[in-house]
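So the structure is just underneath, and the comments pick up after that.
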Amino acid sequence: MAISHFEIEAVRLRLPSSSKEKVAILAIHGRNQGADFMINLIDQLGWQNCPAILPVAAEKSWYPGGFMESLDKNGDKLNESLKVIAKYHQELNNLGYEDEQILFLGFSQGACLASQYCLLNPRKYYGIVILTGGYVGPEGLDWSFEGDFKQTPIFISTS
């Protein structure tokens, strides 16, 4: 039986009991990576003093297939992964961080998951950083969504 993402506790860095800092990061690792990779990336970006939550995928993968495969192939694990991200997003909100103070940072499969989550939950965030990833689903899928990011700064890169 596969391990649930909910069974793996996120890594928390410098989280205060309330939102004393201006920004908190929700950092999502890629396939075959873990929190250490994202800690290193946060440090390289010069954000090592920011509070952060780093969810950890069970078996080092958020969903089984590639990000452009059918939603059916990735469905159950993708949906579970989105619920995990929602859980940690809510944790930051419960600490007093407004959405406008939360930066989503994702790399590779984590970038795809961050893209998917943010597109399904559009609002004003501090920022969204998508490093080598994109919205999940096959070519030709209707990727329309409703909502407004309200001038959220978004950085998208590829390798």
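Along the sequence shown, residues are numbered consecutively beginning with 1.
- A donor-acceptor distance shorter than 3.5 angstrom exists from the side chain of N79 to the backbone of G75, with no hydrogens or angles considered.
- The heavy-atom pair separating K124 from T152 by the smallest distance is CA-OG1, 3.3 Å.
- The side-chain heavy atoms of V11 and M38, taken from C-beta on, include no pair separated by under 4.5 Å.
- In this structure, I130 and F107 have side chains that are not in contact, with every pair of non-hydrogen atoms separated by 4.5 Å or more.
- The aromatic rings of Y125 and F149 sit tilted, their planes meeting at an angle between 30° and 60°.
- Within the model, atoms CG of L103 and SG of C50 stand 8.0 Å from one another, a figure rounded to the nearest 0.5 Å.
- Residues E91 and L15 have side chains in contact (heavy-atom distance under 4.5 Å, counting atoms from C-beta outward).
- R12 and Y88 make their closest contact through NH2-CE2, 3.4 Å (heavy atoms, listed as atom of the first residue, atom of the second, distance).
- The closest side-chain donor-acceptor pair between S108 and Q33, if any, does not fall under 3.5 angstrom.
- Atoms CG and CD, on N74 and Q109 in that order, are 8.0 Å from each other to the nearest 0.5 Å.
- Using a 30° and 60° split on the angle between ring planes, H5 and W62 fall in the tilted class, from 30° to 60°.
- At least one side-chain heavy atom of D99 sits less than 4.5 Å from a side-chain heavy atom of N93.
- By the 4.5 Å heavy-atom criterion applied to side chains, F37 and N32 are not counted as neighbours.
- Ion pairing between K150 and E100 fails under the 4.0 Å rule for side-chain N and carboxylate O.
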- Task: For I128 and L105, run side-chain contact (heavy atoms from CB on, under 4.5 Å): C-alpha distance rounded to whole Å, both residues' side-chain angles, the deciding distance at 0.1 Å, then the answer.
- Result: CA-CA 6 Å; I128 303 169; L105 169 64; over 6 Å; no
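- Here the CD1 atom belonging to I39 is positioned 12.0 Å from the CD atom belonging to Q48, to the nearest 0.5 angstrom.
- Look at K77 and E80 and you find a salt bridge, because one of the NZ, NE, NH1 or NH2 atoms lies within 4.0 Å of a carboxylate O, short of that distance.
- The side-chain heavy atoms of H29 and L54, taken from C-beta on, include no pair separated by under 4.5 Å.
- More than 12 heavy atoms of other residues, nucleotides or ligands sit less than 6.0 Å from atom CD of E7.
- Between P138 and S70, the shortest heavy-atom contact is CD-CA, 4.2 Å.
- Between Q116 and F67, every side-chain heavy-atom pair lies at or beyond the 4.5 Å cut-off.
- The side-chain heavy atoms of C112 and Y63, taken from C-beta on, include a pair separated by under 4.5 Å.
- From Y97, atom OH reaches atom CD1 of I25 across 10.0 Å, with rounding to the nearest 0.5 Å.
- Annotation: the span from I8 atom CD1 to E59 atom CD amounts to 8.5 Å, rounded to 0.5 Å.
- Here the OH atom belonging to Y117 is positioned 9.0 Å from the CD1 atom belonging to I28, to the nearest 0.5 angstrom.
- Nearest heavy atom pair, residue G65 against residue R31, reads O-NH2, 2.6 Å.
- Side chains of D142 and S144: a donor-acceptor N/O pair is present below 3.5 angstrom, by distance only.
- Across every non-hydrogen atom of G133 and A111, the tightest pair is CA-CB, 3.7 Å.
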- Message: If you apply the rule side-chain contact (heavy atoms from CB on, under 4.5 Å), what do you find for Y126 with E98, and how did you get there?
- Response: CA-CA 9 Å; Y126 185 82; E98 300 292 329; over 6 Å; no
Begin with the C-alpha distance, continue with both residues' side-chain angles, and end with the deciding distance and a verdict on side-chain contact (heavy atoms from CB on, under 4.5 Å) for Q44 and I42.
-> CA-CA 5 Å; Q44 287 180 27; I42 288 169; over 6 Å; no
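- Between A10 and I53, the closest heavy-atom pair is CB-CG2, 3.8 Å.
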Show the numbers, then the answer: is there a side-chain contact (heavy atoms from CB on, under 4.5 Å) between Y135 and M68? CA-CA 8 Å; Y135 192 56; M68 292 190 71; over 6 Å; no
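- For K87, the NZ atom sits in a packed shell: over 12 heavy atoms of surrounding residues, nucleotides or ligands are nearer than 6.0 Å.
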